[in-house]
Amino acid sequence: YNWTADGTGTSAPEMGVSRGAALVDGGTDAVGNANFGAASTLTYTIANTGNVALTITNPVTIAGLVNCTATVATAPAASVAAAGTTTLVITVTPTAAGAFSFTVSVVNNDADENPYNWTVSGTGTKKSGGDDDEGCTTSEGQFSWLMLAGVLASLGFALRLRKQTA
């Protein structure tokens with residue numbers, strides 16, 4: 001059997017995003033624990049695996065913030081050549097202990113992933129090894145005063161004993 005096949009090849013950009021591992025459009029990047037009140041940096045690689053330039057429309061949108069602040073620290077390039085990459089850097093600061101999240105949206109010219117969206121999620125935790133920026137509570141203050149009162153009472157007793165023996 002012989003036959004003839006014909007058609008027209010097409011050219012298209014194909015966007016992919018990764019931060020260590022690939023993130024699917026509509027997926028979630030679980031970033032783990034982050035100290036609340038302290039900024040963390042998330043660096044994403046945007047790749048064009050297509051055969052023509054990928055166009056990115058800045059600014060990248062961050063929305064739906066829950067228990068955090070997040071900003072774009074470094075915007076991706078507006079154009080990514082075929083087989084090329086660009087970097088997107090986001091700074092996130094959890095505002096309290098507990099779960100935090102937000103969504104990222106990158107408008108582009110990929111025919112089936114426009115916009116390319118993902119959710120970032122994590123847990124705000126206390127800083128390790130010291131002050132947790134919560135200040136002292138009333139009960140902590142009461143224990144400090146009790147300790148000070150005990151030291152002063154002991155000092156007074158020691159001075160009375162010394163005076164009686166002299």
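The residues of the chain are indexed from 1 along the displayed sequence. In this text, all values refer to a predicted model and were calculated from it rather than measured experimentally.
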Q: Could you see if V17 belongs to whatever hydrophobic cluster contains V107? Use Ile, Leu, Val, Met, Phe, Trp, Tyr and a side-chain cutoff under 4.5 Å.
A: no
Q: N117 and V104: side chain to side chain contact (heavy atoms under 4.5 Å, CB included), yes or no, with the steps?
A: CA-CA 6 Å; N117 303 300; V104 180; over 6 Å; no
Q: Between the main-chain N or O of V52 and the side-chain N or O of S11, is there a donor-acceptor pair closer than 3.5 Å?
A: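 No; zero donor-acceptor contacts below 3.5 Å.
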Q: Report the C-alpha separation of T87 and T85 in whole Å, then their side-chain angles, then the decisive distance to 0.1 Å, and conclude whether the side chain to side chain contact (heavy atoms under 4.5 Å, CB included) test is met.
A: CA-CA 7 Å; T87 302; T85 62; over 6 Å; no
Q: Would you give the length of the straight line joining atom OG1 of T93 to atom CG of N35, rounded to the nearest 0.5 angstrom?
A: 10.5 Å
Q: Measuring from T125:OG1 to F100:CZ, what's the distance to the nearest 0.5 Å?
A: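 Reported value, rounded in 0.5 Å steps: 9.0 Å.
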Q: Output the distance between atom OG (S101) and atom CG (D29), rounded to the nearest 0.5 Å.
A: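 Here the rounded value is 12.0 Å.
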Q: Can you name the closest pair of heavy atoms from L88 and P76 and give their distance?
A: CD1-CD, 3.8 Å
Q: Drop me the distance from T91's OG1 to L42's CG, to the nearest 0.5 angstrom.
A: 8.0 Å
Q: Side chains of I56 and T86, heavy atoms from C-beta outward: is any pair under 4.5 Å?
A: yes
Q: Less than 4.5 Å apart, side chain to side chain, heavy atoms only: is that true for V120 and Y44?
A: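 Of all side-chain heavy-atom pairs linking Y44 with V120, at least one is under 4.5 Å.
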Q: Is any side-chain heavy atom of Y116 less than 4.5 Å from a side-chain heavy atom of N108?
A: yes
Q: Less than 4.5 Å apart, any side-chain heavy atom of D112 and any of E14?
A: yes
Q: Find the distance between CG (N58) and OG1 (T55) and round it off to the nearest 0.5 Å.
A: 11.0 Å
Q: Is the shortest side-chain heavy-atom distance between T71 and I90 below 4.5 Å?
A: no
Q: Locate the shortest heavy-atom distance separating A82 from N51; write the atom from each residue and the value.
A: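 Looking at all heavy atoms of both residues, the closest pair is CB-C, 3.6 Å.
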Q: May I have the step-by-step check of side chain to side chain contact (heavy atoms under 4.5 Å, CB included) for V92 and F102, ending in yes or no?
A: CA-CA 9 Å; V92 59; F102 58 93; 3.6 Å; yes
Q: Go through T28 and W118 one step at a time and tell me if the side chain to side chain contact (heavy atoms under 4.5 Å, CB included) criterion holds.
A: CA-CA 5 Å; T28 299; W118 68 95; over 6 Å; no
Q: Heavy-atom distance under 4.5 Å between the side chains of V106 and P115, does that happen here?
A: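 No, their side chains stay 4.5 Å or more apart.
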Q: Give, for atom NZ of K126 and atom CG of N33, the distance between the pair rounded to the nearest 0.5 Å.
A: 13.5 Å
Q: Is a side-chain N or O of N48 found less than 3.5 angstrom from the main chain of G84, in a donor-acceptor match?
A: no
Q: Any heavy-atom pair between the side chains of I46 and M15 that's under 4.5 Å?
A: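 M15 vs I46: side chains touch.
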